[in-house]
S.K.: 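Dropping a structure here in C-alpha coordinates format, bear with me for questions.
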Amino acid sequence: MADDDMLSWDESVFRDEGVLELDYLPEAFLHRDEQMETLKYALRPAVRGSRPLNVMARGPPGTGKTTAVQKLFDELAGVGGVETVRVNCQVDSTRYAVFSRLFESLFEYEPPASGVSFNKLFGQITNRLVEDDDVLVVALDDVNYLFYESEASDTLYSLLRAHESHSGAKIGVIVVSSDLDLNVIEELDGRVQSVFRPEDVYFSAYGERAIADILSERVERGFREGAVSARVLDRVAEHTADSGGDLRVGIDLLRRAGLNAEFRGSTEVAVADVDTAYEKAKYIHLSRRLQGLSESEAALVRVLTDHDGERAGAVYEAFSEETELGYTRYSEIVNKLEQVGVVDAEYTNVDGRGRSRELSLAYDADAVLERLEE
Ligand SMILES: Nc1ncnc2c1ncn2[C@@H]1O[C@H](COP(=O)(O)OP(=O)(O)OP(=O)(O)O)[C@@H](O)[C@H]1O
(Lines give C-alpha, C1' and ligand atoms only; values in the text may rest on other atoms or scores of the structure.)
Protein backbone atom coordinates (compact mmCIF):
# COMPACT_ATOMS: atom_id res chain seq x y z
CA MET A 1 0.00 0.00 0.00
CA ALA A 2 1.36 3.44 -0.93
CA ASP A 3 2.08 5.82 1.92
CA ASP A 4 -0.46 8.31 0.59
CA ASP A 5 -3.20 5.75 1.15
CA MET A 6 -2.49 5.41 4.82
CA LEU A 7 -4.33 7.22 7.56
CA SER A 8 -2.11 9.04 10.01
CA TRP A 9 -2.12 7.59 13.52
CA ASP A 10 -4.64 10.09 14.84
CA GLU A 11 -7.07 9.63 11.93
CA SER A 12 -9.73 6.97 12.31
CA VAL A 13 -13.25 5.99 11.35
CA PHE A 14 -13.88 5.25 15.02
CA ARG A 15 -14.83 7.61 17.78
CA ASP A 16 -15.02 4.97 20.51
CA GLU A 17 -14.15 1.45 19.39
CA GLY A 18 -14.99 0.06 22.85
CA VAL A 19 -18.69 0.45 22.02
CA LEU A 20 -18.19 -2.28 19.42
CA GLU A 21 -16.75 -4.80 21.88
CA LEU A 22 -19.08 -7.73 22.51
CA ASP A 23 -19.05 -7.38 26.29
CA TYR A 24 -19.96 -3.69 26.18
CA LEU A 25 -23.23 -3.13 28.07
CA PRO A 26 -25.34 -0.82 25.89
CA GLU A 27 -26.99 2.19 27.51
CA ALA A 28 -30.12 2.00 25.39
CA PHE A 29 -31.78 -1.39 25.24
CA LEU A 30 -34.30 -1.05 22.42
CA HIS A 31 -37.05 -3.49 21.38
CA ARG A 32 -37.00 -5.42 24.63
CA ASP A 33 -39.53 -3.55 26.80
CA GLU A 34 -41.95 -6.45 27.08
CA GLN A 35 -39.25 -8.90 28.20
CA MET A 36 -37.87 -6.41 30.72
CA GLU A 37 -41.38 -5.88 32.15
CA THR A 38 -41.92 -9.59 32.77
CA LEU A 39 -38.49 -9.97 34.32
CA LYS A 40 -39.11 -7.03 36.64
CA TYR A 41 -42.50 -8.40 37.62
CA ALA A 42 -40.88 -11.72 38.55
CA LEU A 43 -38.07 -10.15 40.55
CA ARG A 44 -40.11 -7.50 42.36
CA PRO A 45 -40.80 -9.69 45.43
CA ALA A 46 -37.04 -9.85 46.07
CA VAL A 47 -36.96 -6.10 46.63
CA ARG A 48 -39.55 -6.60 49.39
CA GLY A 49 -37.50 -9.36 51.00
CA SER A 50 -39.48 -12.31 49.59
CA ARG A 51 -38.52 -15.14 47.32
CA PRO A 52 -38.90 -13.98 43.68
CA LEU A 53 -40.69 -15.92 40.96
CA ASN A 54 -38.48 -18.15 38.88
CA VAL A 55 -38.03 -17.30 35.22
CA MET A 56 -37.17 -19.17 32.08
CA ALA A 57 -35.74 -16.89 29.39
CA ARG A 58 -35.38 -18.47 25.98
CA GLY A 59 -34.52 -17.31 22.49
CA PRO A 60 -31.96 -17.72 19.72
CA PRO A 61 -28.36 -16.56 20.24
CA GLY A 62 -27.61 -12.85 20.34
CA THR A 63 -31.13 -11.65 21.11
CA GLY A 64 -30.36 -9.77 24.32
CA LYS A 65 -31.01 -12.36 27.04
CA THR A 66 -27.73 -11.85 28.87
CA THR A 67 -27.97 -8.10 28.42
CA ALA A 68 -31.47 -8.08 29.94
CA VAL A 69 -30.26 -9.99 32.99
CA GLN A 70 -27.22 -7.77 33.35
CA LYS A 71 -29.30 -4.58 33.15
CA LEU A 72 -31.67 -5.83 35.84
CA PHE A 73 -28.86 -7.01 38.07
CA ASP A 74 -27.18 -3.62 37.75
CA GLU A 75 -30.40 -1.96 38.87
CA LEU A 76 -30.70 -4.36 41.80
CA ALA A 77 -27.11 -3.70 42.87
CA GLY A 78 -28.32 -0.54 44.55
CA VAL A 79 -31.07 -2.32 46.48
CA GLY A 80 -30.28 -3.54 49.99
CA GLY A 81 -31.08 -7.14 50.91
CA VAL A 82 -30.78 -8.50 47.36
CA GLU A 83 -27.74 -10.37 46.06
CA THR A 84 -27.51 -11.23 42.37
CA VAL A 85 -25.12 -13.64 40.68
CA ARG A 86 -24.88 -14.50 36.99
CA VAL A 87 -23.25 -17.86 36.31
CA ASN A 88 -21.97 -18.63 32.82
CA CYS A 89 -22.75 -22.35 32.56
CA GLN A 90 -20.55 -22.75 29.51
CA VAL A 91 -17.67 -22.16 31.94
CA ASP A 92 -19.22 -23.57 35.13
CA SER A 93 -21.03 -26.63 33.85
CA THR A 94 -21.47 -28.78 36.99
CA ARG A 95 -23.51 -28.29 40.13
CA TYR A 96 -20.35 -28.02 42.19
CA ALA A 97 -18.88 -25.38 39.86
CA VAL A 98 -22.11 -23.36 39.94
CA PHE A 99 -22.19 -23.34 43.73
CA SER A 100 -18.47 -22.50 43.92
CA ARG A 101 -19.25 -19.47 41.78
CA LEU A 102 -22.13 -18.50 44.10
CA PHE A 103 -19.85 -18.88 47.11
CA GLU A 104 -17.16 -16.76 45.51
CA SER A 105 -19.57 -14.03 44.68
CA LEU A 106 -21.18 -13.92 48.14
CA PHE A 107 -17.99 -14.23 50.21
CA GLU A 108 -15.68 -12.44 47.78
CA TYR A 109 -13.09 -15.20 47.90
CA GLU A 110 -12.87 -18.59 46.24
CA PRO A 111 -13.86 -21.69 48.20
CA PRO A 112 -10.88 -23.97 49.02
CA ALA A 113 -9.90 -25.84 45.85
CA SER A 114 -10.25 -29.28 47.43
CA GLY A 115 -11.79 -31.01 50.35
CA VAL A 116 -15.07 -29.12 50.68
CA SER A 117 -18.10 -31.31 50.16
CA PHE A 118 -21.02 -30.00 48.17
CA ASN A 119 -23.24 -30.04 51.26
CA LYS A 120 -20.78 -27.94 53.22
CA LEU A 121 -20.49 -25.41 50.39
CA PHE A 122 -24.26 -25.28 50.07
CA GLY A 123 -24.67 -24.89 53.85
CA GLN A 124 -22.25 -21.97 54.01
CA ILE A 125 -24.07 -20.17 51.20
CA THR A 126 -27.51 -20.60 52.74
CA ASN A 127 -26.29 -19.71 56.26
CA ARG A 128 -24.84 -16.50 54.91
CA LEU A 129 -28.17 -15.66 53.21
CA VAL A 130 -30.21 -16.40 56.33
CA GLU A 131 -27.88 -14.55 58.70
CA ASP A 132 -27.90 -11.41 56.58
CA ASP A 133 -31.54 -11.82 55.64
CA ASP A 134 -30.61 -11.51 51.96
CA VAL A 135 -32.56 -12.76 48.95
CA LEU A 136 -30.36 -14.37 46.30
CA VAL A 137 -31.21 -14.18 42.59
CA VAL A 138 -29.20 -16.61 40.48
CA ALA A 139 -29.09 -16.40 36.68
CA LEU A 140 -27.95 -19.63 35.08
CA ASP A 141 -26.84 -18.23 31.74
CA ASP A 142 -26.54 -20.69 28.85
CA VAL A 143 -28.15 -23.29 31.12
CA ASN A 144 -28.19 -25.68 28.13
CA TYR A 145 -24.58 -26.54 28.99
CA LEU A 146 -25.72 -27.98 32.35
CA PHE A 147 -28.03 -30.27 30.39
CA TYR A 148 -25.23 -31.38 28.06
CA GLU A 149 -23.27 -32.49 31.14
CA SER A 150 -26.37 -34.02 32.82
CA GLU A 151 -26.01 -31.62 35.76
CA ALA A 152 -29.14 -29.51 35.26
CA SER A 153 -31.59 -31.44 37.45
CA ASP A 154 -29.29 -31.67 40.46
CA THR A 155 -28.31 -28.02 40.24
CA LEU A 156 -31.86 -26.76 39.93
CA TYR A 157 -33.12 -29.14 42.59
CA SER A 158 -30.65 -27.76 45.12
CA LEU A 159 -31.41 -24.15 44.26
CA LEU A 160 -35.19 -24.52 44.13
CA ARG A 161 -35.52 -26.49 47.36
CA ALA A 162 -32.99 -24.52 49.34
CA HIS A 163 -35.74 -23.00 51.48
CA GLU A 164 -36.90 -26.47 52.49
CA SER A 165 -33.51 -27.86 53.43
CA HIS A 166 -32.33 -24.57 54.98
CA SER A 167 -35.21 -22.76 56.57
CA GLY A 168 -35.31 -19.07 55.72
CA ALA A 169 -33.04 -19.26 52.64
CA LYS A 170 -34.63 -17.32 49.80
CA ILE A 171 -33.35 -18.07 46.31
CA GLY A 172 -34.89 -17.26 42.92
CA VAL A 173 -33.60 -18.65 39.66
CA ILE A 174 -33.52 -17.29 36.11
CA VAL A 175 -32.59 -19.96 33.62
CA VAL A 176 -31.41 -18.68 30.26
CA SER A 177 -31.25 -20.97 27.24
CA SER A 178 -30.36 -20.29 23.63
CA ASP A 179 -30.82 -23.88 22.51
CA LEU A 180 -34.28 -23.92 20.98
CA ASP A 181 -34.16 -27.68 20.42
CA LEU A 182 -33.88 -28.22 24.14
CA ASN A 183 -37.17 -28.53 26.01
CA VAL A 184 -35.91 -27.41 29.40
CA ILE A 185 -38.86 -28.53 31.50
CA GLU A 186 -39.29 -31.88 29.78
CA GLU A 187 -35.61 -32.73 30.18
CA LEU A 188 -35.66 -32.21 33.97
CA ASP A 189 -36.31 -35.01 36.47
CA GLY A 190 -39.85 -35.31 37.77
CA ARG A 191 -38.72 -34.20 41.24
CA VAL A 192 -37.52 -30.89 39.75
CA GLN A 193 -40.48 -30.44 37.43
CA SER A 194 -42.82 -30.52 40.41
CA VAL A 195 -41.16 -27.44 41.94
CA PHE A 196 -40.20 -25.55 38.81
CA ARG A 197 -43.04 -23.53 37.28
CA PRO A 198 -41.20 -20.58 35.84
CA GLU A 199 -42.51 -17.44 34.20
CA ASP A 200 -41.75 -17.67 30.50
CA VAL A 201 -39.94 -14.87 28.73
CA TYR A 202 -39.25 -15.29 25.04
CA PHE A 203 -36.61 -13.31 23.16
CA SER A 204 -37.50 -13.54 19.48
CA ALA A 205 -34.89 -12.96 16.77
CA TYR A 206 -34.66 -9.30 15.77
CA GLY A 207 -35.91 -8.42 12.27
CA GLU A 208 -33.92 -6.33 9.84
CA ARG A 209 -35.55 -3.02 10.84
CA ALA A 210 -35.00 -3.61 14.56
CA ILE A 211 -31.38 -4.57 13.90
CA ALA A 212 -30.75 -1.35 11.96
CA ASP A 213 -32.44 0.63 14.72
CA ILE A 214 -30.34 -0.92 17.48
CA LEU A 215 -27.10 -0.72 15.52
CA SER A 216 -27.62 2.93 14.57
CA GLU A 217 -27.10 3.75 18.24
CA ARG A 218 -23.76 1.90 18.20
CA VAL A 219 -22.78 3.69 15.00
CA GLU A 220 -23.51 7.04 16.60
CA ARG A 221 -21.39 6.30 19.64
CA GLY A 222 -18.72 4.17 18.03
CA PHE A 223 -17.98 5.94 14.74
CA ARG A 224 -17.04 9.43 13.70
CA GLU A 225 -19.79 11.46 12.11
CA GLY A 226 -20.29 10.59 8.46
CA ALA A 227 -18.16 7.42 8.62
CA VAL A 228 -21.12 5.06 8.27
CA SER A 229 -23.90 5.98 5.85
CA ALA A 230 -27.50 4.74 6.04
CA ARG A 231 -26.81 2.48 3.07
CA VAL A 232 -23.87 0.86 4.84
CA LEU A 233 -25.88 0.38 8.00
CA ASP A 234 -28.70 -1.23 6.02
CA ARG A 235 -26.24 -3.62 4.47
CA VAL A 236 -24.98 -4.61 7.93
CA ALA A 237 -28.56 -5.17 9.08
CA GLU A 238 -29.32 -7.26 6.00
CA HIS A 239 -26.35 -9.59 6.56
CA THR A 240 -27.17 -9.84 10.27
CA ALA A 241 -30.79 -10.79 9.61
CA ASP A 242 -29.67 -13.29 6.94
CA SER A 243 -27.40 -15.06 9.38
CA GLY A 244 -30.25 -15.61 11.86
CA GLY A 245 -30.59 -12.23 13.58
CA ASP A 246 -27.73 -12.60 16.09
CA LEU A 247 -26.75 -9.04 17.00
CA ARG A 248 -23.24 -10.20 17.76
CA VAL A 249 -22.76 -10.73 14.03
CA GLY A 250 -23.92 -7.17 13.36
CA ILE A 251 -21.67 -5.58 15.97
CA ASP A 252 -18.65 -7.58 14.85
CA LEU A 253 -19.47 -6.74 11.24
CA LEU A 254 -19.49 -3.02 12.00
CA ARG A 255 -16.13 -3.17 13.71
CA ARG A 256 -14.48 -5.28 11.02
CA ALA A 257 -15.94 -3.10 8.24
CA GLY A 258 -14.48 -0.05 10.00
CA LEU A 259 -11.07 -1.71 10.16
CA ASN A 260 -11.32 -2.58 6.46
CA ALA A 261 -12.02 1.07 5.61
CA GLU A 262 -9.00 2.12 7.64
CA PHE A 263 -6.88 -0.43 5.87
CA ARG A 264 -7.89 1.14 2.58
CA GLY A 265 -6.84 4.48 4.03
CA SER A 266 -10.41 5.77 4.03
CA THR A 267 -12.37 7.53 6.76
CA GLU A 268 -15.65 6.30 5.28
CA VAL A 269 -16.90 2.75 5.41
CA ALA A 270 -18.11 1.40 2.04
CA VAL A 271 -20.64 -1.33 1.33
CA ALA A 272 -17.78 -3.44 -0.05
CA ASP A 273 -16.00 -3.17 3.35
CA VAL A 274 -19.10 -4.70 4.93
CA ASP A 275 -19.33 -7.50 2.37
CA THR A 276 -15.69 -8.48 2.85
CA ALA A 277 -16.05 -8.35 6.62
CA TYR A 278 -19.09 -10.62 6.51
CA GLU A 279 -16.92 -13.54 5.43
CA LYS A 280 -15.33 -13.44 8.89
CA ALA A 281 -18.15 -12.05 11.03
CA LYS A 282 -20.59 -14.78 10.03
CA TYR A 283 -18.40 -17.28 11.87
CA ILE A 284 -18.68 -15.56 15.20
CA HIS A 285 -21.08 -18.23 16.51
CA LEU A 286 -18.56 -20.85 15.60
CA SER A 287 -15.81 -19.07 17.52
CA ARG A 288 -17.98 -18.88 20.63
CA ARG A 289 -18.97 -22.51 20.39
CA LEU A 290 -15.38 -23.65 19.99
CA GLN A 291 -14.15 -21.48 22.86
CA GLY A 292 -16.23 -23.41 25.37
CA LEU A 293 -14.92 -26.86 24.45
CA SER A 294 -12.71 -29.04 26.63
CA GLU A 295 -9.42 -30.38 25.28
CA SER A 296 -10.82 -33.77 24.28
CA GLU A 297 -13.87 -32.18 22.68
CA ALA A 298 -11.63 -29.87 20.65
CA ALA A 299 -9.44 -32.88 19.74
CA LEU A 300 -12.45 -34.63 18.22
CA VAL A 301 -13.38 -31.52 16.23
CA ARG A 302 -9.81 -31.38 14.94
CA VAL A 303 -9.96 -35.05 13.91
CA LEU A 304 -13.23 -34.35 12.09
CA THR A 305 -11.67 -31.62 9.98
CA ASP A 306 -9.79 -34.53 8.36
CA HIS A 307 -12.57 -37.11 8.47
CA ASP A 308 -15.62 -34.99 7.67
CA GLY A 309 -18.67 -37.08 6.74
CA GLU A 310 -17.19 -40.46 7.74
CA ARG A 311 -18.86 -43.14 9.85
CA ALA A 312 -18.65 -42.86 13.62
CA GLY A 313 -16.53 -46.02 13.85
CA ALA A 314 -13.91 -44.76 11.41
CA VAL A 315 -13.76 -41.39 13.13
CA TYR A 316 -13.30 -43.15 16.46
CA GLU A 317 -10.27 -45.00 15.14
CA ALA A 318 -8.57 -41.75 14.23
CA PHE A 319 -9.67 -40.13 17.48
CA SER A 320 -8.39 -42.96 19.68
CA GLU A 321 -4.94 -42.60 18.16
CA GLU A 322 -4.87 -39.03 19.40
CA THR A 323 -6.42 -39.36 22.84
CA GLU A 324 -6.69 -42.98 24.02
CA LEU A 325 -10.23 -42.37 25.28
CA GLY A 326 -12.72 -45.25 25.25
CA TYR A 327 -15.72 -45.58 22.96
CA THR A 328 -18.27 -44.66 25.63
CA ARG A 329 -16.56 -41.37 26.37
CA TYR A 330 -16.19 -40.82 22.62
CA SER A 331 -19.96 -41.25 22.13
CA GLU A 332 -20.66 -38.79 24.91
CA ILE A 333 -18.40 -36.23 23.27
CA VAL A 334 -20.12 -36.75 19.90
CA ASN A 335 -23.49 -36.14 21.55
CA LYS A 336 -22.25 -33.00 23.28
CA LEU A 337 -20.78 -31.61 20.02
CA GLU A 338 -24.05 -32.30 18.28
CA GLN A 339 -25.99 -30.49 21.01
CA VAL A 340 -23.62 -27.54 20.88
CA GLY A 341 -24.20 -27.37 17.12
CA VAL A 342 -20.67 -28.00 15.88
CA VAL A 343 -21.31 -31.52 14.56
CA ASP A 344 -24.20 -33.10 12.66
CA ALA A 345 -24.68 -36.80 13.37
CA GLU A 346 -26.97 -38.58 10.93
CA TYR A 347 -28.08 -42.18 11.08
CA THR A 348 -27.65 -44.13 7.87
CA ASN A 349 -28.42 -47.72 7.07
CA VAL A 350 -25.41 -49.86 6.39
CA ASP A 351 -26.11 -52.99 4.34
CA GLY A 352 -26.76 -55.93 6.60
CA ARG A 353 -25.19 -54.25 9.61
CA GLY A 354 -28.02 -52.10 10.91
CA ARG A 355 -27.76 -48.39 11.50
CA SER A 356 -24.62 -46.39 11.86
CA ARG A 357 -23.96 -42.73 12.42
CA GLU A 358 -22.20 -40.45 9.98
CA LEU A 359 -20.44 -37.48 11.51
CA SER A 360 -19.96 -34.20 9.72
CA LEU A 361 -18.96 -30.71 10.75
CA ALA A 362 -21.75 -28.16 10.80
CA TYR A 363 -19.32 -25.57 9.39
CA ASP A 364 -16.72 -25.38 6.68
CA ALA A 365 -13.70 -27.45 7.80
CA ASP A 366 -11.12 -24.74 7.01
CA ALA A 367 -13.10 -22.14 8.98
CA VAL A 368 -13.20 -24.56 11.92
CA LEU A 369 -9.49 -25.31 11.77
CA GLU A 370 -8.58 -21.64 11.58
CA ARG A 371 -10.65 -20.85 14.67
CA LEU A 372 -9.42 -23.85 16.64
CA GLU A 373 -5.89 -22.47 16.32
CA GLU A 374 -6.90 -19.01 17.59
N1 LIG B 1 -31.81 -4.56 22.20
C2 LIG B 1 -30.48 -4.41 22.17
N3 LIG B 1 -29.94 -3.18 22.17
C4 LIG B 1 -28.61 -3.01 22.13
N5 LIG B 1 -27.71 -4.01 22.09
C6 LIG B 1 -28.18 -5.27 22.10
C7 LIG B 1 -29.58 -5.53 22.15
N8 LIG B 1 -29.77 -6.86 22.16
C9 LIG B 1 -28.54 -7.42 22.11
N10 LIG B 1 -27.58 -6.48 22.08
C11 LIG B 1 -26.13 -6.72 21.98
O12 LIG B 1 -25.93 -7.90 21.22
C13 LIG B 1 -24.92 -8.73 21.79
C14 LIG B 1 -25.50 -10.07 22.16
O15 LIG B 1 -26.48 -9.89 23.18
P16 LIG B 1 -26.64 -10.88 24.43
O17 LIG B 1 -25.31 -11.41 24.85
O18 LIG B 1 -27.46 -10.21 25.46
O19 LIG B 1 -27.47 -12.03 23.72
P20 LIG B 1 -27.94 -13.44 24.29
O21 LIG B 1 -29.36 -13.59 23.85
O22 LIG B 1 -27.65 -13.55 25.73
O23 LIG B 1 -27.01 -14.43 23.45
P24 LIG B 1 -26.60 -15.97 23.80
O25 LIG B 1 -27.86 -16.71 23.93
O26 LIG B 1 -25.83 -16.38 22.58
O27 LIG B 1 -25.78 -15.94 25.03
C28 LIG B 1 -24.38 -7.98 22.99
O29 LIG B 1 -23.18 -7.34 22.62
C30 LIG B 1 -25.46 -6.95 23.32
O31 LIG B 1 -24.89 -5.77 23.82
Side-chain angles (χ1 to χ4, degrees), residues 16-40 55-75 84 86-93 138-148 174-182 184 200-223 228 233 236-237 239-241 243-256 258 281-293 339-342 362:
D16 177 3
E17 212 175 328
V19 167
L20 304 168
E21 299 283 343
L22 292 175
D23 55 2
Y24 168 82
L25 190 63
E27 231 156 277
F29 190 40
L30 304 174
H31 299 279
R32 285 302 177 224
D33 291 350
E34 215 180 296
Q35 289 80 355
M36 290 299 276
E37 279 303 308
T38 314
L39 280 163
K40 277 189 187 166
V55 178
M56 180 162 66
R58 292 189 320 123
T63 49
K65 300 179 295 297
T66 301
T67 309
V69 167
Q70 228 145 9
K71 287 233 155 227
L72 283 170
F73 281 10
D74 280 359
E75 284 179 29
T84 58
R86 184 177 81 87
V87 182
N88 176 353
C89 300
Q90 193 179 4
V91 177
D92 295 311
S93 57
V138 180
L140 297 176
D141 205 353
D142 281 328
V143 73
N144 29 309
Y145 283 88
L146 290 183
F147 284 89
Y148 306 156
I174 304 175
V175 301
V176 181
S177 169
S178 55
D179 182 348
L180 298 180
D181 293 331
L182 175 76
V184 171
D200 259 308
V201 187
Y202 192 73
F203 289 70
S204 51
Y206 298 112
E208 206 173 310
R209 285 319 329 143
I211 294 170
D213 204 22
I214 293 167
L215 290 181
S216 72
E217 216 241 332
R218 297 279 171 131
V219 167
E220 216 162 282
R221 286 171 186 268
F223 286 86
V228 177
L233 179 59
V236 171
H239 279 310
T240 311
S243 75
D246 182 340
L247 262 184
R248 257 185 230 102
V249 174
I251 294 167
D252 195 51
L253 197 47
L254 276 176
R255 196 175 74 88
R256 287 180 192 271
K282 70 179 177 190
Y283 285 119
I284 198 149
H285 305 100
L286 172 63
S287 301
R288 281 188 89 228
R289 286 170 178 178
L290 293 178
Q291 264 166 25
L293 300 183
Q339 286 166 323
V340 173
V342 175

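Model, not experiment: these values are computed from the prediction. What's counted below: heavy atoms across the whole structure, side chains too, no hydrogens, waters or symmetry copies. Each ligand, and each atom within it, is numbered from 1 in the order the structure gives.
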S.K.: Report yes if the side chains of Tyr145 and Asn88 come closer than 4.5 Å at any heavy-atom pair, otherwise no.
M.R.: no
S.K.: Checking a contact table here: which protein heavy atom is nearest atom 2 (C) of ligand 1, and how many Å away?
M.R.: Phe29 CD1, 3.4 Å
S.K.: Quick one: pull up NE2 in His285 and CG in Asp246 and give me the separation to the nearest 0.5 Å.
M.R.: 3.5 Å
S.K.: Does the pair Arg256/Asp252 count as a salt bridge with the N-to-O cut at 4.0 Å?
M.R.: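 Yes.
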S.K.: Return the closest protein heavy atom for atom 8 (N) of ligand 1 as residue, atom name and distance.
M.R.: Tyr206 OH, 2.7 Å
S.K.: By the definition side-chain contact (heavy atoms from CB on, under 4.5 Å), identify the one residue from Val87, Val175, Ile174 that meets it with Val143.
M.R.: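 The passing option is Val175.
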S.K.: Check whether more than 12 heavy atoms from other residues, nucleotides or ligands sit under 6.0 Å from atom CD of Glu34, and answer yes or no.
M.R.: no
S.K.: Applying a 4.0 Å heavy-atom criterion (strictly less than), which segment of Ile251 is in contact with ligand 1: side chain, backbone, both, or neither?
M.R.: side chain
S.K.: Is Thr63 close to ligand 1, meaning an N/O of one under 3.5 Å from an N/O of the other?
M.R.: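 There is such a contact, yes.
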S.K.: Give the atoms of ligand 1, by number and element, whose distance to some non-hydrogen atom of Tyr24 is under 4.0 Å.
M.R.: 31 (O)
S.K.: For atom 19 (O) of ligand 1, what is the nearest protein heavy atom, given as residue, atom name and distance?
M.R.: Gly64 N, 3.2 Å
S.K.: Answer yes when Glu217 and Arg221 have at least one side-chain N-carboxylate O distance shorter than 4.0 Å, and no when they do not.
M.R.: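 Salt bridge present between Glu217 and Arg221.
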S.K.: Any idea which protein heavy atom is nearest atom 3 (N) of ligand 1, and the distance to it?
M.R.: Ile214 CG2, 3.3 Å
S.K.: Quick one: OG on Ser204 to CZ on Arg32, what's the gap to the nearest 0.5 Å?
M.R.: 5.0 Å
S.K.: Rounded to the nearest 0.5 Å, what separation is found between the OG1 atom of Thr240 and the CG atom of Leu254?
M.R.: 7.5 Å
S.K.: Any idea which part of Pro26 is under 4.0 Å from ligand 1, heavy-atom wise: side chain, backbone, both or neither?
M.R.: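 The answer is the side chain.
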S.K.: So is there a nitrogen or oxygen of Leu30 less than 3.5 Å from a nitrogen or oxygen in ligand 1?
M.R.: yes
S.K.: Do Tyr206 and Asp213 touch side chain to side chain, with heavy atoms closer than 4.5 Å?
M.R.: no
S.K.: Any side-chain heavy atom of Arg288 sitting closer than 4.5 Å to one from Asp142?
M.R.: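 Counting from C-beta outward, Arg288 and Asp142 do come under 4.5 Å.
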S.K.: Closest non-hydrogen protein atom to atom 18 (O) of ligand 1, residue and atom name please, with distance?
M.R.: Thr67 OG1, 2.5 Å
S.K.: What is the closest protein heavy atom to atom 10 (N) of ligand 1, and at what distance does it sit?
M.R.: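 Nearest protein contact, heavy atoms only, for atom 10 (N) of ligand 1 is Leu247 CD1, 3.4 Å.
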S.K.: Looking only at protein heavy atoms, which one is nearest to atom 28 (C) of ligand 1, and what is the separation?
M.R.: Leu22 O, 3.9 Å
S.K.: Atom 31 (O) of ligand 1: which protein heavy atom is closest, and how many Å away?
M.R.: Arg218 NH2, 2.9 Å
S.K.: With a 4.5 Å heavy-atom cut-off, do Leu215 and Leu247 have their side chains touching?
M.R.: yes
S.K.: Does ligand 1 have an atom under 4.0 Å from some heavy atom of Gly59?
M.R.: no
S.K.: With a cutoff of 4.0 Å, is Gln70 in contact with ligand 1, counting heavy atoms of the residue only?
M.R.: no
S.K.: Out of Gln35, Lys65, Arg248, His285, who is nearest to atom 27 (O) of ligand 1 when you count heavy atoms only?
M.R.: Arg248
S.K.: What atoms of ligand 1 come within less than 4.0 Å of a heavy atom belonging to Ser178?
M.R.: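 In order of number, 25 (O).
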S.K.: Looking only at distance, does Gly62 have an N or O less than 3.5 Å from an N or O of ligand 1?
M.R.: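 Yes, at least one N or O pair falls under 3.5 Å.
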